[in-house]
2 protein chains.
Amino acid sequence: MSNNKKTTIKDIASVLNISPAAVSKALHDDSRISDKTKEAVKKVAKDLNYQPNHLASALRKGKSNLVGVIVPRTNSNFFSSVIQNIEEELNKKGYNIIITQSNESYKKECSNIDTLLFTQVDGIIASMANETVDLEYYEKIKSKGIPLILFDRGENDLNVDYIGINDYDSSQLIVDHLVQQGCKRIAHIGGYKHTRIFNNRIRGYIDALKKHKLPLEEALLIESSLTTEDGRDKMTQLLALKNKPDAVYIAGDYAALGALQVLNELGIKIPEEIALVGFGNEPFTAMVTPTITSINQHSAKIGKLAAKTFLEHVKKTVVKQQLNKIILDAELIVRDSSNRGV
Amino acid sequence: MSNNKKTTIKDIASVLNISPAAVSKALHDDSRISDKTKEAVKKVAKDLNYQPNHLASALRKGKSNLVGVIVPRTNSNFFSSVIQNIEEELNKKGYNIIITQSNESYKKECSNIDTLLFTQVDGIIASMANETVDLEYYEKIKSKGIPLILFDRGENDLNVDYIGINDYDSSQLIVDHLVQQGCKRIAHIGGYKHTRIFNNRIRGYIDALKKHKLPLEEALLIESSLTTEDGRDKMTQLLALKNKPDAVYIAGDYAALGALQVLNELGIKIPEEIALVGFGNEPFTAMVTPTITSINQHSAKIGKLAAKTFLEHVKKTVVKQQLNKIILDAELIVRDSSNRGV
DNA sequence: TATATTTGCTTAAACGTTTAAGCAAATATA
DNA sequence: TATATTTGCTTAAACGTTTAAGCAAATATA
């Protein structure tokens, strides 16, 4: 019973005295195989506990039915939700995914790409590390003719498919809301300017200030790595100003958490003295005290759309790279940290 | 330049006018190939941008260098940290991992196993879904002779390698701590009894009460799915008792969060009126107000040990399944939710 | 009834790699 | 100098599957 050797198509063929080719076709319901043979083949396959060898069929067919996913980390609700939705959509069509993490490191990202290409993935869905500026490795994917879809952190210059939210509008929503709450000196702890999404958030912030005829103060616009630790540091930096802000918009929830901790520790009242807004709608924004106002990034939608975009690619045999940029509307979730009851 | 067809070993061979076999050996630094040839092969490989075809070599060698990982979800710090550490250890040895999520569903878990077997993984590292009771599918892995390593949620009856923490002792640590803080009526919102780790926590709780000569009250021992929502429900249930508890030990941090929310909403003082202890040391336990006392599950260590256990398996050619059960010591992290300053 | 088409298979080759077996030339040993 | 060993390759087959090409038998069409 516990025959150690794995059953192959040949084993089934020899039991039934037909050719391996006929077995392969029967298993795939080829129209040129009789129902009688199909039934017999399937019965024997089941009896012998046959499991198709994916490596062999992938090699022969020239496609692996694997899709690579690269994210900065899985330990964030946004990314894990995107991944889950990519997986669901692709599983339906017989694809499996290989998840890799860059840990925000460019070097790790490159090695991830090598790994995925080596594994012969049929496509790559990725969100870039903070560090990534050089796009040579991504060009490598493109030059191999493998579909590449970026989400969240993409690089427009690469000329590939992209799915993300409207970062510029998000900033506008946030500033509009803070102004409406009576804030006059709104600071922005933003991400790295060279990353497009953070750059868009900064532009949105600047333009929104202009719209509301508020002056743009250099000291109130700070670049950050957006970790919790850096959020603490940059908040401390803002509090050291002679002329403190009355609101802080932070381009990431983890950094917003750090800022919140500093304010709580110093007994500064949120939102009365300083209002706080984060970005990403991580679950903990609704857990902490006070709860943090944030932007919903539509992770589920982004995941599904990324998967669908990939499937579109493989459907067309022609590799005509029709660009597909999808920008979703942002949504502001107002919570206690910015709600003055106005 | 942008030659679409991928470079193979044959291409390199024909450039140098040697056999493909020689190229293969040269690329693997076979001692029977001259240094001159090796250099030439490597140069041409680089020039032609040769990438080895993993599918072909895996098929020929009978191993894929892929390891499957099954977790209930990636969206939890514990699991994502375990995964990251498995990946690090295995990458060093040339293995890549395929991550799949069961979403706590037995059905999804079975389909994950099928997927991984289909992909010809060389081993599987898994933590079981809450629902899983039937172990037929896991037997399937064992019967194929593929190494199986379980962590956190394992099933002793399966007779496979397992890495986890000492759940029984954890409960003892918690009850000791709460008694020391002056608590007399300690409730336990536990996980499903049929899952061994939760069963062990329940046993530890019961025995610790005995040790401290505290009576075991049926109403204070509740079974839960341990989601945030269920944590809210079960806490509400406890508060409806005529004789309320003065401490609640909850077998999962997410459920502990739900309980904390209920207590905060009702203005019940933590830890003065009711002390609270969670399990898992999720990062948010240090973010919420008050911060939640919890048990550190040593996720990094568990990940590394799981990977190492797998590597041990593939090292020995003999499939002698020597059982390897590693139980790590638990560690209690005391925070505000249970610290009465005693 | 004679020819054309369809059905249901088989044969053979291929995907790209690795490896056992073998062989000539170069070098070492007696 | 004659034999043994080592070096550096080649040849051929294999991993398990899929698929193009082909062919005989069965069925459809004229």
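Protein chains get the first letters and strands the later ones, always in sequence-line order, with residue 1 at the start of each. Being a predicted model, the structure only gives us computed values, none of them experimental.
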For residues 68-85 of chain A, the salt bridge (charged side-chain N to carboxylate O under 4.0 Å, His left out) pairs (sequence neighbours left out) are A/Arg73-A/Glu104
d(A/Glu109 CD, A/Asn112 CG) to nearest 0.5 Å is 7.5 Å
By nearest-heavy-atom nucleotide on DNA chain C, the more 5' of B/Arg32 and B/Arg60 is B/Arg60
When B/Lys25 and A/Ser24 are each assigned the nearest nucleotide of DNA chain D, the 5'-most assignment goes to B/Lys25
Rounding to 0.5 Å, atoms CG (B/Asn65) and NE2 (B/His54) come to a distance of 5.5 Å
Worksheet item: How are the rings of B/Tyr106 and B/Tyr137 set relative to one another: parallel (under 30°), tilted (30 to 60°) or perpendicular (over 60°)?
Response: perpendicular
With distance as the sole criterion, is a donor-acceptor pair present between the side chains of B/Ser105 and B/Ser102 under 3.5 Å? no
Only one of B/Asp29, B/Thr37, B/Asp47 passes side-chain hydrogen bond (donor to acceptor under 3.5 Å, both in side chains) with B/Lys42, and that residue is B/Asp29
- So what does B/Ile9 touch, heavy atoms closer than 4.0 Å: a base, only the sugar-phosphate, or nothing? sugar-phosphate
Footprint ends on DNA chain D, 5' to 3', for atoms under 4.0 angstrom from a heavy atom of chain B, come out as D/dT7 to D/dG16
On DNA chain C, more 5' by nearest nucleotide between A/Pro20 and A/Asp35 is A/Asp35
Anything under 30° is parallel, anything over 60° is perpendicular, the rest tilted; go ahead and classify B/Tyr95 against B/Phe310.
perpendicular
Keeping the roles fixed (side chain from B/Asp161, backbone from B/Asn324), state whether a donor-acceptor pair exists under 3.5 Å. yes
Read 5' to 3' with Watson-Crick or G-U pairs under 3.5 Å, [ ] for crossing pairs and | for partners on another strand, DNA chain D gives ||||||||||||||||||||||||||||||
Using a heavy-atom cut-off of under 4.0 Å over every strand shown, decide if B/Leu55 touches base, sugar-phosphate, or nothing.
-> nothing
Exercise for review: Pick base, sugar-phosphate or nothing for B/Ser19, based on heavy-atom distances below 4.0 Å to the nucleic acid.
Suggested key: base
Between B/Thr37 and A/Lys61, the residue closer to the 5' end of DNA chain D by nearest nucleotide is B/Thr37
